[in-house]
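For clarity, every value in this text was computed on a predicted model and none was experimentally measured.
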Amino acid sequence: MAKIKTHKAASKRFTLTKSGKVKFNHINRRHQVNLKTSKRMRHLRKAGYLSESMAPTVRTMIGG
């Protein structure tokens, strides 16, 4: 059986932690930053983690 190819777009957006969680960076930080509040930008700085229901799908896409 052939190997499953890595979905390159997903591999650039998501990483796996040691515990197996799927980690991602938040969106909406590129432009029009002056329209967003300081609180909103501060919260967007932190990494996010996918829910356990979505994680298996992304894990198969990135080959983890």
Side-chain angles (χ1 to χ4, degrees):
M1 187 175 205
K3 293 182 180 178
I4 299 174
K5 288 187 176 181
T6 301
H7 191 284
K8 288 301 194 178
S11 65
K12 291 170 186 174
R13 287 167 174 81
F14 301 103
T15 55
L16 283 178
T17 62
K18 289 274 189 171
S19 61
K21 291 181 181 179
V22 181
K23 186 176 170 182
F24 65 92
N25 289 322
H26 284 104
I27 60 169
N28 295 329
R29 293 197 53 209
R30 296 288 179 185
H31 49 81
Q32 292 185 337
V33 179
N34 57 339
L35 300 179
K36 299 171 178 83
T37 63
S38 302
K39 180 180 179 179
R40 183 174 171 190
M41 292 302 293
R42 189 168 59 248
H43 286 306
L44 291 176
R45 251 185 255 145
K46 285 190 171 184
Y49 295 94
L50 273 186
S51 64
E52 285 303 314
S53 58
M54 287 294 295
T57 307
V58 175
R59 274 193 212 105
T60 58
M61 290 169 74
I62 61 177

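Atom CD1 of Ile4 is surrounded by 12 or fewer heavy atoms from other residues, nucleotides or ligands within 6.0 Å.
Identified under the side-chain hydrogen bond (donor to acceptor under 3.5 Å, both in side chains) test for residues 34-44, with sequence neighbours left out: none. Applying the side-chain hydrogen bond (donor to acceptor under 3.5 Å, both in side chains) definition to pairs two or more places apart or across chains, those involving residues 6-19 are Thr17-Ser19. Each side-chain hydrogen bond (donor to acceptor under 3.5 Å, both in side chains) pair with one or both residues in residues 54-64, not counting sequence neighbours, would appear here, but there are none.
Smallest separation of non-hydrogen atoms from Val33 and Met41: CG1-CE, 3.6 Å.
The other residues sharing a hydrophobic cluster with Phe24 are Phe14, Leu16, Val22, Leu50, Met54, Val58, Ile62, where clustering joins ILVMFWY side chains under 4.5 Å apart. Side-chain contacts under 4.5 Å among hydrophobic residues (ILVMFWY), followed directly or transitively, place Tyr49 with no other residue at all.
Between His26 atom NE2 and Arg45 atom CZ the span is 12.5 Å, to the nearest 0.5 Å.
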